[in-house]
Amino acid sequence: MKAAVYRNYGTAAEVLRVEDIEPPEPGPGEVRVRIELSGVNPTDWKSRSGATPRPIDGFQIPHHDGTGVIDAVGAGVDSARLGQRVWTWMAAAGRRWGTAAQWSVLPSRQAVPLPAGASAELGASLGVPAMTAHRCLFADGPVEGRNVLVAGGAGAVGHYAIELAKYFGARVATTVSGPEKAELARRAGADLVVNYREANAVDQLRSFAPQMDRIVELALGANLELDLAVSGPQTHIVDYAAEPADPVLPVRKCMTANVTLRFILLYGVPAEATDQAAAAITEALAAGALTELPVIRFPLDQVVAAQQAVEAGAVGKVIVEVP
Ligand SMILES: NC(=O)c1ccc[n+]([C@@H]2O[C@H](COP(=O)([O-])OP(=O)(O)OC[C@H]3O[C@@H](n4cnc5c(N)ncnc54)[C@H](OP(=O)(O)O)[C@@H]3O)[C@@H](O)[C@H]2O)c1
């Protein structure tokens with residue numbers, strides 16, 4: 001099969017190649033997916049670059065997310081799954097067989113049926129971003145009737161945080177850096193979109209909700225002052241990204257707000273929670289409540305350029321077309 005492969009850490013141009021390799025067979029409890037589209041996330045280039053190194057078992061096919069059709073099942077998997085159109089999550093976590101290839105094998109629960117109305121692009125956009133967004137929103141209970149602030153609402157995780165929070169009944173405010181991203185966040189359904197670079201950003205958020213219930217955060221250091229300005233005893237600030245330099249925590253201000261801080265890394269989220277996330281995402285998908293960001297497509301032969309685009313902070317979703 002044609003597969004993007006790396007054997008060492010380095011820049012995309014240095015280590016990432018498209019090769020012909022033997023397709024994998026599904027082991028017990030696994031399914032094999034004929035991949036149509038492979039979605040690229042920041043974690044993919046961070047793993048490949050060695051910034052957040054993950055052990056390489058001889059070779060590594062990158063990318064966790066994808067859309068495709070199950071064409072083989074391993075022992076113990078219901079053969080009724082054959083022919084199912086699925087979206088994948090965490091395909092390359094602790095395994096060689098990421099989605100930047102014609103076939104991927106992964107545990108059956110990580111290949112989730114894609115409802116008929118959902119596009120292949122949407123299916124390939126969900127895994128890492130929507131699962132992370134779900135965990136950030138729901139780790140501390142339901143959000144129905146609650147006020148949620150999503151930092152960076154035009155980003156991939158931010159986009160699904162807005163859509164999932166709205167679908168499950170929250171009021172949602174979000175921050176962006178300019179008009180193009182504001183439009184994306186509005187289209188996702190945010191009730192209030194604030195440019196975090198404007199001087200009155202805090203006032204706009206305070207008039208929406210003096211104290212948020214959840215703050216889905218990706219730049220804790222940069223935004224902590226703004227976050228604490230809308231925090232109180234019921235607020236959970238849930239951080240899912242590291243900044244280039246770790247912030248210094250203003251402990252007294254955090255104590256004064258009586259705020260709760262939570263950190264999330266999808267690789268370590270308990271299985272029960274990821275199963276709940278997959279089920280909730282499926283429900284929202286079936287209801288037509290999830291959409292894809294504008295898609296930037298690359299053929300598999302240009303997988304290096306695809307990863308470079310994500311590394312450069314592309315606006316929208318970078319997708320690799322698998323032949
Ligand atoms: N913990 C986990 O399991 C997990 C899971 C998924 C992703 N992540 C990490 O989360 C980060 C985002 O991932 P992604 O896929 O959503 O990336 P993305 O699609 O590139 O989105 C990032 C967004 O954040 C915005 N942003 C940057 N600084 C901001 C600030 N100070 N305040 C508000 N918004 C800000 C960016 O826009 P502007 O710069 O224009 O504001 C951009 O829209 C990455 O570092 C990724 O590695 C972690």
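When a ligand or atom number is given, it counts from 1 through the structure's own listing order.
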(request) Would you please indicate yes or no on a ring centroid separation below 6.0 angstrom for Phe168 and Phe138? (result) yes
(message) If you count every heavy atom of other residues, nucleotides or ligands that lies below 6.0 Å from Glu180 atom CD, does the total exceed 12?
(response) no
(request) Name all residues meeting the salt bridge (charged side-chain N to carboxylate O under 4.0 Å, His left out) criterion together with Arg135; count only those two or more places apart in sequence or in a different chain, and write none if there are none. (result) none
(message) Using a 3.5 Å distance criterion without hydrogens, assess whether the side chain of Glu36 forms a donor-acceptor pair with backbone atoms of Gln102.
(response) no
(message) Using a 4.0 Å cut-off on heavy atoms, what residues surround ligand 1? Order them by chain and number.
(response) Pro42, Lys46, Val128, Thr132, Gly152, Ala154, Gly155, Ala156, Val157, Thr175, Ser177, Lys181, Tyr196, Leu218, Ala219, Ala222, Asn223, Tyr240, Ala241, Ile264, Leu265, Leu266
(message) Applying salt bridge (Lys or Arg N to Asp or Glu O under 4.0 Å) as the test, list every pair that has at least one member in residues 291-302; sequence neighbours left out.
(response) Glu121-Arg297, Arg297-Glu321
(request) For Phe59, enumerate each residue passing the ring pair (Phe, Tyr, Trp, His ring centres under 6.0 Å) test, keeping only those at least two apart in sequence or located in another chain. (result) Trp97
